[in-house]
Enquirer: 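Can you keep this structure in mind? I'll have questions shortly.
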Amino acid sequence: MTRALMACRCLIILVFLGLMTGCWDRKEMDDLALVMASGLDITDDGQLEITLQIALPTGIPSAVQAGGSGKKSVIVISAKGSNASEATGRLQQQLSRVIYFGHRGVIVIGEECARHGLNQVLDTYTRLPESRYNGYVVTAYGSTAKEILNEPYQLELIPGIGINKIQSSKVSFAVKMDEFLNALSSQGRSPVTAAIRIIHQGTDRETFSIDRAAVYQGNKLSGFLAPAELKLLRWWMGGTQQMRFTLQLEPEDEQYKGTIGVELMQSGKKIHTSVRNEIPEVWVNFHAAVRVIDNDTSLDFSRSNNMRLLETELSKQIQTEIQSMLAHVQKKLKSDIFGIGEEIHIEHPYVWKKIRNKWTDIYPVVPVTADVNIKIKRMGKTQAPAHLRKTD
């Protein structure tokens, strides 16, 4: 082999190596349709309808932009199909850019779709490499996902970002995709998500609110929790940021409404289980330190007897509310969103091995007793109502 031929071969190899390196699979931003939120609905004829909320390039918010710029920030498109891949393919046919799910922060499940069951729709979304497992899952209450994604939201240019920010705040009940899927595949815990609904419908203030919870049994929606029950569920799950309770401590009269408001400062719970004849029993102790944030009673809480009265009555009220919420979820919705099965598994693994396959039948009859212990830690800058102090 001559030196010239050897040099020619080396040059060809170098050219090929040069062509095969670098960002050969890169995707330019100008070629992508960035999906910020997507929705799943079931149609009357049993087809799956997918809705995408796609950010327009001129509508993507910067650090200095605020809501209400006047420019259209998103487009919302929908398509139907026999499955998710078919519907997504039809959505792609409407777009000049490639659908990209890497920025999706929210998946909304329509109420009818949730009641129908999710086995046939979640697989495609979890199988996509670009799909994010840290996106939030919410369930529509009284509407379709398509209606939710078409709702305006004044505070953010892109409504999907508004949902995402509400969910990521500490005062909301947030469930991410991986948490939802873990619960869906667990024998000892049922899935639960926040529920989103349309408020001020038919007015110029129409928007959405996330103030309920959607309870699943297996892969199907079994019902919703009211806002007061959602608050207690947040406490059970460990999220008590800015959680407030109002107690009717005295009868209402001309001068006072007789109510007192408190906010949780520190809180927690302990679960204890035992098993009798293969039927578990559960005791849950809730404890919290609270501060008084408003006092519309005639009582002076600098006096120890009034403070003990408040602690006792507040503990009783919250205990009653928790027992009611537990009975609703356990007896009516028959869903173990509290993970009681997982607690049995941890504390009594040999018993759990015997009962795990019939847990859905056993769970509704498991006795669950709640106990609440509230302590007043702070009274604020004043203890007696200001107008009461002036008359003393």
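Just so it is clear, the structure is predicted and the values come from calculations on it, not from any experiment.
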Enquirer: Give every residue pair that meets the salt bridge (charged side-chain N to carboxylate O under 4.0 Å, His left out) criterion with at least one member in residues 186-207, sequence neighbours excluded.
Expert: R189-E342, R197-D211
Enquirer: Do the side chains of I340 and Y363 get nearer than 4.5 Å, heavy atoms only?
Expert: yes
Enquirer: Any side-chain heavy-atom pair from E313 and L247 closer than 4.5 angstrom?
Expert: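 Yes, side chains in contact.
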Enquirer: Would you check if the side chain of N373 reaches a backbone N or O of H287 as a donor-acceptor pair within less than 3.5 Å?
Expert: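 No; judged by distance alone, with no hydrogens or angles, the pair does not exist.
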Enquirer: Does the side chain of V108 come within less than 4.5 Å of L149's, by heavy atoms?
Expert: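 Answer yes - side chains close enough.
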Enquirer: Got a second to check how far E86's CD is from L48's CG, nearest 0.5 Å?
Expert: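 E86 CD to L48 CG: 9.5 Å, rounded to 0.5 Å.
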Enquirer: Is a donor on one side and an acceptor on the other found under 3.5 Å between the side chain of Q317 and the backbone of T246?
Expert: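 The answer is yes, because a donor-acceptor pair under 3.5 Å joins these two groups.
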Enquirer: If you measure only the distance, is there a donor-acceptor pair under 3.5 Å linking the side chains of H348 and T273?
Expert: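 The criterion, which ignores hydrogens and geometry beyond distance, is satisfied for T273 and H348.
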Enquirer: Can you find a pair of side-chain heavy atoms, one from P280 and one from W359, that are under 4.5 Å apart?
Expert: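 P280 reaches W359 side chain to side chain.
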Enquirer: Any ring pair (Phe, Tyr, Trp, His ring centres under 6.0 Å) involving residues 257-284? Give me the pairs, sequence neighbours left out, ordered by first then second residue.
Expert: H272-W283
Enquirer: Got a donor-acceptor contact below 3.5 angstrom from the S315 side chain to the E311 backbone?
Expert: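 Flag set: sc S315 to bb E311 pair under 3.5 Å.
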Enquirer: Would you call E263 and V290 a side-chain contact if the rule is heavy atoms closer than 4.5 Å?
Expert: no
Enquirer: Would you indicate whether the side-chain heavy atoms of F338 and L233 approach each other to under 4.5 Å?
Expert: yes
Enquirer: Any side-chain donor paired with an acceptor under 3.5 Å for T139 and T193?
Expert: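 Present: a donor and an acceptor within the cut-off.
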Enquirer: Show every ring pair (Phe, Tyr, Trp, His ring centres under 6.0 Å) that has at least one partner inside residues 173-207, sequence neighbours left out.
Expert: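 Every ring pair (Phe, Tyr, Trp, His ring centres under 6.0 Å) pair that includes a residue of residues 173-207, provided the two are not neighbours, is F180-Y216.
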Enquirer: Taking atom types as modelled, is there a side-chain donor on S172 or Q167 under 3.5 Å from an acceptor on the other?
Expert: yes
Enquirer: Consider only side-chain N and O atoms of E250 and S298, and report whether a donor and an acceptor are under 3.5 Å apart.
Expert: yes
Enquirer: Is the charged tip of K231 near the ring of F245: under 6.0 Å from the six-membered ring centre and within 45° of its axis?
Expert: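 Yes, a cation-pi geometry holds between K231 and F245.
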Enquirer: Say whether R303 and N305, considering side chains only, have a donor N or O and an acceptor N or O under 3.5 Å apart.
Expert: no
Enquirer: Under 3.5 Å, is there a donor-acceptor pair between the T43 and Q47 side chains?
Expert: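 Side chains of T43 and Q47: no pair found under 3.5 Å.
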Enquirer: Taking the side chain from E179 and the backbone from K176, do they hold a donor-acceptor pair closer than 3.5 Å?
Expert: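 Yes, because the side chain of E179 sits within donor-acceptor range (under 3.5 Å) of the backbone of K176.
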Enquirer: Are D336 and Q330 close enough that a side-chain donor and a side-chain acceptor fall under 3.5 Å?
Expert: no
Enquirer: Contact between V215 and F224 at the side-chain level, heavy atoms closer than 4.5 Å - yes or no?
Expert: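 They are not in contact (no side-chain heavy atoms under 4.5 Å apart), so the answer is no.
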Enquirer: Can you find a heavy atom in the side chain of P159 that is under 4.5 Å from one in the side chain of E151?
Expert: no
